[in-house]
Amino acid sequence: MYGLVDCNNFYVSCERVFQPRLDDRPVVVLSNNDGNVVSRSAEAKQLGIAMGAPFFQVRELLRHHQGHALSSNYALYGDMSRRVMARLAAHAPAVEVYSIDEAFLDLHGLTTWCGTLDARVHSIRRDVLACTGIPTCVGVAPTKTLAKVANRLAKKHPELGGILRLDTASRRERALRALPVADVWGIGYQYAGKLATHGIRTAWELSQVSEAWARKYLGGVVGWRLVQELLGQPCQGLLPSEDGTLARKSISCSRSFGQRLSSLDHLWGALSTYLSRAAEKLRAQGDQAHLLTVYISQDRYDTHVPPPYTRSATLTLPGGPTSNTLQLLTYARRMLERLYEPGRFYAKAGVVLDGLEPPGRGQQLSLFAAAPAAILPAPDTGRTQQLMHTLDALNRQFGRGTVRPAATVAAAGQPAPWQGKAQHKSQAYTTRLEDLMVVG
DNA sequence: TCTGGGGTCCTAGGACCC
DNA sequence: TCTGGGGTCCTAGGACCC
């Protein structure tokens, strides 16, 4: 049996833990740049505010109902997430951290040593709420996809008490008949449309299609696995997360700018900042990358700009895999110069690090290792690795960005021209000493 | 010059997720 | 005026290998 634990309205719930004045009223949390709504309280959902809605479209509605909009505070959400996951790990034999607010639990054997499964799951929910202040819902079922179904229905029907267990054929059928097919995990916008034209409206109807049909219309083997999982046939196992974090296969960092940029210097300032951040994450995971992608995008909402909006370049690092920020910056600078066109206005930039592997394991040596210095940056020696190590240690102790490459620094006394908006941000209640709450 | 089978790696693109 | 960021998996074609 799998359990899927999903935090209710996670970002809003995190904010409410430290700001009780937000209780019982419409609250939304916004994406970077205060662009879109990414988390909504029940009251905000009640007002008809959609997930992903552009903030400017709902600002008035929210104001009219004495609601609140907050900029996203990832330092807070990340830390709250770690606390929730730590509680889950204390209860279940194995936990797969699936996202910042969700985890799959291995529920094997939980009934044998402490009451019924339902009683155990209820006590896990109570414990998470008591220790972190975060409310959750749990779906319990023999496959991950059915656990998602159960979780979805538990959220939709508060009268279930936050838990739904789908472990018999009749419970499964009732649940699948009650769930619109678009709410199934793995059915997105495109597939939902396709299914509708074939008269498939519920999860139950989807579970009854043939293998050939699923393979033809739902992306091959992926679609067939989905159908089998709905039938109770597990196709996906649990991928236990070591130490409560999940190792990524790619690492990226991108941002929309606060304003359009056209100068190469400004773009480089932004891009080098994102690359520094991505490399930091890479080292924190203990990996090196051998693929680097750089991209710059024009405003995709500007009707005067013809597509494509994004130009990108991917490079297999000729010097072999690295996690050295300075080395990566050397490559990225040249890639940016290739992509950049004077006179254009750019709205966003980003980097992706791919082909991740731990250092020094069966490394492929470069064919061009003897190429002239103009082509290759300085090799990744022990000294530069020591430098990165020191950089990370300083930034951990004194705060992110205390020591950083000069390219990422804007002109003295000026806010960086690429800096986005975050006008309604709450404090780092749990991760910054100055922001700690004082009671008394 | 043409002939076949089996395989890897790279790249791009499309779908999905939270 | 104002429209996010970070991921996953799969497929398919081309270059190249033996």
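Order of the sequence lines sets the chain letters (A, B, ...), proteins ahead of strands, with each chain counted from 1.
The base-pairing partner of C:dC18, taking Watson-Crick or G-U wobble contacts with both distances under 3.5 Å, is B:dG5.
Rounded to whole Å, the distance from CG on A:Asp34 to P on C:dG5 is 11 Å. Rounded to whole Å, atom C1' of C:dG6 lies 7 Å from atom NZ of A:Lys281. In this structure, the CG atom of A:Leu226 is 13 Å from the C1' atom of C:dC9, given to the nearest Å. The CD atom of A:Glu60 sits 14 Å away from the C1' atom of C:dT1 (whole-angstrom rounding). The nearest whole Å value for the distance from the NE2 atom in A:His424 to the C1' atom in C:dC2 is 11 Å. Distance OH (A:Tyr295) to P (C:dG4): 12 Å, rounded to an integer number of Å. Distance CG (A:Leu291) to P (B:dC10): 7 Å, rounded to an integer number of Å. Taking atom CD of A:Glu96 as the reference point, atom P of B:dC17 lies 16 Å away to the nearest angstrom.
The shortest distance between the side-chain N/O atoms of A:Arg255 and the OP1/OP2 oxygens of C:dG6 is below 4.0 Å. Taking only side-chain nitrogens and oxygens, A:Lys249 comes nearer than 4.0 Å to OP1 or OP2 of C:dC9. Taking side-chain N and O atoms only, A:Ser250 has a distance below 4.0 Å to OP1 or OP2 of C:dT8. Between C:dG5 and A:Tyr11, no contact under 4.0 Å exists linking OP1 or OP2 to a side-chain N or O. The phosphate of C:dG6 has OP1 or OP2 within less than 4.0 Å of a side-chain N or O from A:Ser254. For the pair A:Arg260 and C:dT1, the criterion of a side-chain N or O lying under 4.0 Å from OP1 or OP2 is not met. Between A:Ser256 and C:dG5, a side-chain N or O to OP1/OP2 separation shorter than 4.0 Å is present.
A 6.0 Å sphere centred on NZ of A:Lys249 holds no more than 12 heavy atoms belonging to other residues, nucleotides or ligands. Within 6.0 Å of CD on A:Glu337 lie more than 12 heavy atoms contributed by other residues, nucleotides or ligands. Sparse packing is recorded around CZ of A:Arg174, with 12 or fewer heavy atoms of other residues, nucleotides or ligands lying under 6.0 Å away. Crowding of A:Lys216 atom NZ: a count of heavy atoms from other residues, nucleotides or ligands under 6.0 Å not exceeding 12.
Using a 4.0 Å heavy-atom cutoff across all strands shown, A:Leu30 reaches no nucleic acid atom at all. Using a 4.0 Å heavy-atom cutoff across all strands shown, A:Phe10 reaches no nucleic acid atom at all. A:Ile251 comes within contact range of the sugar-phosphate backbone alone, with a heavy-atom separation under 4.0 Å but no base atom that close. Using a 4.0 Å heavy-atom criterion, one finds that A:Val37 contacts no nucleic acid atom at all. At the heavy-atom level, A:Gln57 lies nowhere under 4.0 Å from the strands shown. Residue-level contact check: A:Thr316 touches the backbone only, with heavy atoms under 4.0 Å from sugar-phosphate atoms and none from bases.
Where stacking is scored as ring centres under 5.5 Å apart with planes under 30°, A:Tyr301 registers as stacked on the base of C:dT3.
Side-chain proximity of A:Tyr191 to the nucleotides B:dC16, B:dC18, C:dT3 is greatest for B:dC16. In the set C:dG4, B:dC16, B:dC17, the nucleotide with an atom closest to the side chain of A:Gln190 is B:dC16. Each of C:dG4, C:dG6, B:dC18 was ranked by its minimum atom distance to the side chain of A:Asn32; first place goes to C:dG4. Side-chain atoms of A:Ser99 lie closest to B:dC18 of the nucleotides B:dC18, C:dG5, B:dA15. Each of B:dC18, B:dT11, C:dG5 was ranked by its minimum atom distance to the side chain of A:Lys148; first place goes to B:dC18. The side chain of A:Thr314 sits closest to B:dT11 out of B:dT11, B:dC18, C:dG5.
Sequence order on DNA chain C of the closest nucleotides to A:Val221 and A:Asn36 puts A:Asn36 first from the 5' end. Heavy-atom distances to DNA chain C give each of A:Ser31 and A:Gly220 a nearest nucleotide, and the one nearer the 5′ end belongs to A:Ser31.
A:Trp213 and A:Tyr217 have tilted rings, their planes meeting at an angle from 30° to 60° on a 0 to 90° scale.
A:Tyr346 has its ring centre no less than 6.0 Å from the ring centre of A:Tyr309.
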Can you list the steps and then say if A:His198 with A:Val209 is a side-chain contact (heavy atoms from CB on, under 4.5 Å)?
CA-CA 11 Å; A:His198 286 89; A:Val209 306; over 6 Å; no
